[in-house]
Student: 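Shown below is the structure under consideration.
Note: hydrogens, waters and symmetry copies are ignored here, and every other heavy atom, side chains too, is used. For this chain, numbers begin at 1 and follow the sequence in order.
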Amino acid sequence: MTGMMLACLALLGATSTWCSAYIAWRDPAMAQARTSPGQRIAFMRVNTPARTADIRQADCQADATLSMIGDGRVMQSSSHAVRVFASGEDCRRIAHGATMQVLGRLEPSRFGKVSLWMICRSEESVTMIRAPNPVQSAVNILQERFLAVTDSLSDQGRVLVPGLTIGLLGQEHVVASGHEAVDATYAGLLEDRFARSGIMHLMAVSGGHFVLVGTLVRRLAAYAHAPRWVAAVMASGAFLLLSALVYPSDSVVRALIMGLLGAAASLAGRRSQALNALCWTVVSVLIASPAMAYSYGFALSCAAVLGIVLFAQSMARRLRTLLPGGMADAMAVTIAAQLLTLPIQVMMEPQLPLLSVPANLIVSPVVGGATMLGLAALVAAAYSAKLSFALAWAASVPTAIMERCAQWLGSSSWAVMPWAEGWRGALLVAACEALIALAMVVARRRRQRRGMSVGETGTPYHRRWLDPIALWVRQVPEAFGSGGHGTFRGS
């Protein structure tokens, strides 16, 4: 029944995605950008904090949702997503959660998942119509205080501590006037080294942050002997607070929904099932926001979780025969996540990170501690800059280990291997992984056959992946044939 429900919801999600794409294509803003790009006046709600721009024509950028678009004389309603590029003092006027009036050139995007750009050609192009609500204003102030604290750290701390904590690298922060920006050359080189060594995913808020926070909350609740419903409510509140404090991203959406589903299962007295939670998360997100179907960040996050759920446990069991337990578990999680994310990564960047497994093994012992220290510094910034700096400095010590690892492995000529680009490269990676998996299965079965003693008779049973389906097909008619009171044998 659950499988049938998920299949129906998947079909509904696919239909919703197609309908949303058609509606977005017919949106007045997209129609104007497609047929007559040019200067427009737009009213919009800002969905992200301002960060340094990806293009040279602007200093900063932010993502927003349009409400009105036009030339000043004729205005039309719109609900399309847009990326705003601004310069100078306009960057200070962009606030997460605010409603803005923007004057700029509307055009189709040149790259990225947001299909519309609005580029402000001069300053004084951004006007705040309505300030963020009090909660969002408090979050914006807290983030600015935390980033101001990290500005006093060393270069690697300024870059990595904010990235590890809230998902915004230090060089991406729009620096206020009077403050010195991070050395662009050093920051760019460090980012490249992290990408080449295969540990760039640490600079994005994902499920790891939610697992750490959830574990802390559960231990505190157990220490206080709190009832189950209190622990579930505390975990839900912690997840919502964490998602509000970090930089909004598609991986945060996935982690938040799965965390809330796990808390709901705990509240109901049931064991959380990661695979079911992931399926419900994907389907619900695609129905609510079909544009997420085109998000690399959401796809990578879901693929990593799926790989860990399906393969990590069995891999760790086999690796423990060769490696110590902790190292075997860390390597199993890394390999399992990369099995399904690698084809997507190749579509983004046509290269294979050959040293990602040893790089992740080196940094895995310090990631959790650095993350918790960074989150503590973020919270402490609300009431004590000195305590926040002390915690941020402590977080910069393990991030220095990450920097050394990235510089060492990322600078190697063996760090990456060029690969075919686009969907052909992704299919080639998937085919290679399938062949390796097939070879391992064949080798394991041959070892099992050789291990049989000479005196044994018969053929050993090997479960095939089709066996559960065949058993279900045989038993369903029997169950319904007995008036619906039959039971499934072997369940």
Student: Return the set of residues passing ring-ring contact (aromatic ring centres under 6.0 Å, His included) with Phe239 (not counting sequence neighbours), or none when no residue passes.
Tutor: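 Phe239 satisfies ring-ring contact (aromatic ring centres under 6.0 Å, His included) with Phe210 once adjacent residues are dropped.
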
Student: Does Asp27 reach the main-chain N or O of Ser79 with its side chain, forming a donor-acceptor pair under 3.5 Å?
Tutor: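 Yes, Asp27 side chain to Ser79 backbone: donor-acceptor pair under 3.5 Å.
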
Student: Find out whether Phe194 and Met402 are in side-chain contact, i.e. whether some heavy atom of one side chain is under 4.5 Å from a heavy atom of the other.
Tutor: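 Yes, their side chains come closer than 4.5 Å.
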
Student: Any idea which heavy atoms bring Leu286 and Ala293 closest together, and the distance?
Tutor: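 Heavy-atom minimum between the residues: CD2-N, 3.6 Å.
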
Student: Measuring only between side-chain heavy atoms, which start at C-beta, is Phe146 closer than 4.5 Å to Val161?
Tutor: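 Counting from C-beta outward, Phe146 and Val161 do come under 4.5 Å.
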
Student: Step by step, would you call His209 with Val211 a side-chain contact (heavy atoms from CB on, under 4.5 Å)?
Tutor: CA-CA 5 Å; His209 292 65; Val211 169; over 6 Å; no

Student: Which heavy atom of Tyr247 sits nearest a heavy atom of Val252, and at what distance?
Tutor: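 Minimum heavy-atom separation between Tyr247 and Val252: O-CG2, 4.0 Å.
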
Student: Decide yes or no for Leu378 and Ile166: does some side-chain heavy atom of the first lie under 4.5 Å from some side-chain heavy atom of the second?
Tutor: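 Sidechains of Ile166 and Leu378: in contact.
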
Student: Might you point out which heavy atoms bring Gly167 and Val205 nearest each other, and give the distance in Å?
Tutor: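 Closest approach of Gly167 to Val205, heavy atoms only: N-CG2, 3.5 Å.
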
Student: Could you name each residue pair satisfying side-chain hydrogen bond (donor to acceptor under 3.5 Å, both in side chains) that touches residues 346-367, not counting sequence neighbours?
Tutor: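 Listed by first then second residue: His201-Asn360, Gln338-Ser356.
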
Student: So how far is it from Ser396 OG to Glu403 CD, rounded to the nearest 0.5 Å?
Tutor: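 Ser396 atom OG to Glu403 atom CD measures 10.5 Å (nearest 0.5 Å).
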
Student: Can Leu319 and Met327 be said to form a side-chain contact (heavy atoms from CB on, under 4.5 Å), step by step?
Tutor: CA-CA 9 Å; Leu319 288 173; Met327 184 178 295; over 6 Å; no

Student: Are Asp250 and Ser295 close enough that a side-chain donor and a side-chain acceptor fall under 3.5 Å?
Tutor: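 Short answer, yes.
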
Student: Do Ile94 and Asp90 have side chains that approach each other closer than 4.5 Å (heavy atoms only, starting at C-beta)?
Tutor: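 No, every pair of side-chain atoms sits at 4.5 Å or beyond.
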
Student: Shortest non-hydrogen contact from Ala86 to Ala58?
Tutor: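 Closest heavy-atom pair between Ala86 and Ala58: O-CB, 3.4 Å.
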
Student: Give the C-alpha distance, both sets of side-chain angles, the deciding distance and a yes or no for side-chain contact (heavy atoms from CB on, under 4.5 Å) between Ser197 and Leu355.
Tutor: CA-CA 6 Å; Ser197 58; Leu355 301 181; 5.8 Å; no

Student: Quick one: CG on Leu164 to CG on Leu169, what's the gap to the nearest 0.5 Å?
Tutor: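 The distance works out to 10.0 Å.
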
Student: For Arg51, what residues pass the salt bridge (Lys or Arg N to Asp or Glu O under 4.0 Å) criterion, not counting sequence neighbours?
Tutor: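 Residues passing salt bridge (Lys or Arg N to Asp or Glu O under 4.0 Å) with Arg51: Glu172.
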
Student: To check you understand the geometry: which heavy-atom pair defines the closest contact between Ala377 and Ser388, and what is its length?
Tutor: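 That closest heavy-atom pairing would be O-OG, 2.8 Å.
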
Student: Working to the nearest 0.5 angstrom, can you tell me the gap between Ile119 CD1 and Leu106 CG?
Tutor: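 Going from the CD1 atom of Ile119 to the CG atom of Leu106 covers 9.5 Å.
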
Student: Are more than 12 heavy atoms from other residues, nucleotides or ligands located less than 6.0 Å from atom CH2 of Trp419?
Tutor: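 Count over threshold, so yes.
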
Student: Going by the rule salt bridge (Lys or Arg N to Asp or Glu O under 4.0 Å), which residues pair with Asp59 if we only count those two or more places apart in sequence or in a different chain?
Tutor: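 So Asp59 forms no salt bridge (Lys or Arg N to Asp or Glu O under 4.0 Å) with any residue.
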
Student: What is the distance from atom CG of Leu375 to atom CG of Leu242, rounded to the nearest 0.5 Å?
Tutor: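 The CG atom of Leu375 sits 6.0 Å away from the CG atom of Leu242.
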
Student: Once rounded to the nearest 0.5 Å, what's the spacing between atom NE2 of His80 and atom CG of Leu66?
Tutor: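 One finds 8.5 Å between NE2 of His80 and CG of Leu66.
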
Student: Would you say that more than 12 heavy atoms from the other residues, nucleotides or ligands in this model lie under 6.0 Å from the CD of Gln57, or not?
Tutor: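 Counting neighbours around CD of Gln57, more than 12 heavy atoms of other residues, nucleotides or ligands fall under 6.0 Å, so yes.
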
Student: Test of understanding: with ring-ring contact (aromatic ring centres under 6.0 Å, His included), list the residues that count as partners of Phe111, not counting sequence neighbours.
Tutor: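 Once residues adjacent in sequence are excluded, the partners of Phe111 under the ring-ring contact (aromatic ring centres under 6.0 Å, His included) criterion are Trp117.
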
Student: Quick one: disulfide bond (SG atoms under 2.5 Å apart) partners of Cys302, sequence neighbours excluded?
Tutor: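 Result, disulfide bond (SG atoms under 2.5 Å apart) vs Cys302: none returned.
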
Student: Under the rule for side-chain contact (heavy atoms from CB on, under 4.5 Å), what residues qualify as partners of Arg219, not counting sequence neighbours?
Tutor: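 Thr215.
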
Student: Do Gln136 and Asn140 have a side chain donor and acceptor closer than 3.5 Å?
Tutor: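 A donor-acceptor contact under 3.5 Å links the two side chains.
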
Student: Is it the case that over 12 heavy atoms from other parts of the model lie below 6.0 angstrom from the CE atom of Met440?
Tutor: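 Check fails, neighbour count at 12 or below.
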
Student: Which residues satisfy the disulfide bond (SG atoms under 2.5 Å apart) test with Cys405, sequence neighbours excluded?
Tutor: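 Per chain and number, Cys405 pairs via disulfide bond (SG atoms under 2.5 Å apart) with no residue.
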
Student: Quick one: which of Arg317, Arg320, Arg318 gives a salt bridge (charged side-chain N to carboxylate O under 4.0 Å, His left out) with Asp329?
Tutor: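 Of Arg317, Arg320, Arg318, salt bridge (charged side-chain N to carboxylate O under 4.0 Å, His left out) with Asp329 is met by Arg320 alone.
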
Student: Distance from Thr150 atom OG1 to Trp393 atom CH2, nearest 0.5 Å?
Tutor: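 Rounded to the nearest 0.5 Å, the OG1-CH2 separation comes to 15.5 Å.
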
Student: Strictly by salt bridge (charged side-chain N to carboxylate O under 4.0 Å, His left out), give each pair with a member in residues 189-207 just once, sequence neighbours left out.
Tutor: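 Applying salt bridge (charged side-chain N to carboxylate O under 4.0 Å, His left out) to every pair that reaches into residues 189-207, excluding sequence neighbours, yields nothing.
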
Student: Could you check Thr399 against Gln156 for side chain to side chain donor-acceptor pair (under 3.5 Å), going step by step and ending with a plain yes or no?
Tutor: CA-CA 8 Å; Thr399 57; Gln156 69 84 14; 3.0 Å; yes

Student: Any non-hydrogen side-chain atom of Gln345 less than 4.5 Å from a side-chain atom of Pro353?
Tutor: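 Answer yes - side chains close enough.
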
Student: Within the structure provided, determine whether Met203 and Thr165 are in side-chain contact (heavy-atom separation under 4.5 Å).
Tutor: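 No; the side chains remain at least 4.5 Å from each other.
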
Student: List for me each residue that meets side-chain contact (heavy atoms from CB on, under 4.5 Å) alongside Ser301, sequence neighbours excluded, and say none if there are none.
Tutor: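 side-chain contact (heavy atoms from CB on, under 4.5 Å) check on Ser301 returns Ser251, Arg254.
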
Student: Run the side-chain contact (heavy atoms from CB on, under 4.5 Å) test against Val309 and tell me which residues pass, sequence neighbours left out.
Tutor: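 For Val309, the residues satisfying side-chain contact (heavy atoms from CB on, under 4.5 Å) (neighbours in sequence not counted) are Ala274, Leu275, Val305.
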
Student: Looking at residues at least two apart in the chain, or sitting in another chain, which of them share a salt bridge (Lys or Arg N to Asp or Glu O under 4.0 Å) with Arg110?
Tutor: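 Once residues adjacent in sequence are excluded, the partners of Arg110 under the salt bridge (Lys or Arg N to Asp or Glu O under 4.0 Å) criterion are Glu107.
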
Student: Of the non-hydrogen atoms in Ala392 and Leu153, which two are nearest, and what is the gap between them?
Tutor: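 For Ala392 versus Leu153, the nearest heavy atoms are O-CD1, 4.0 Å.
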
Student: Is the side chain of Ser384 donor-acceptor paired with the backbone N or O of Ala380 at a distance under 3.5 Å, no angle test?
Tutor: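 Pair absent, no side-chain N/O of Ser384 close to backbone of Ala380.
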
Student: Is there a side-chain contact between Thr281 and Leu261 in this structure, where contact means two heavy atoms from C-beta onward sitting under 4.5 Å apart?
Tutor: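 They are in contact (side-chain heavy atoms under 4.5 Å apart), so the answer is yes.
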
Student: Between Gln61 (side chain only) and Asp54 (backbone N and O only), is there a donor and an acceptor less than 3.5 Å apart?
Tutor: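 At least one qualifying donor-acceptor pair exists.
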
Student: Run the numbers on Ser109 and Leu116 for side-chain contact (heavy atoms from CB on, under 4.5 Å), then give the verdict.
Tutor: CA-CA 5 Å; Ser109 64; Leu116 281 183; over 6 Å; no

Student: Taking side chain as C-beta onward, heavy atoms only, is Thr99 less than 4.5 Å from Met128?
Tutor: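 No, side chains not in contact.
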
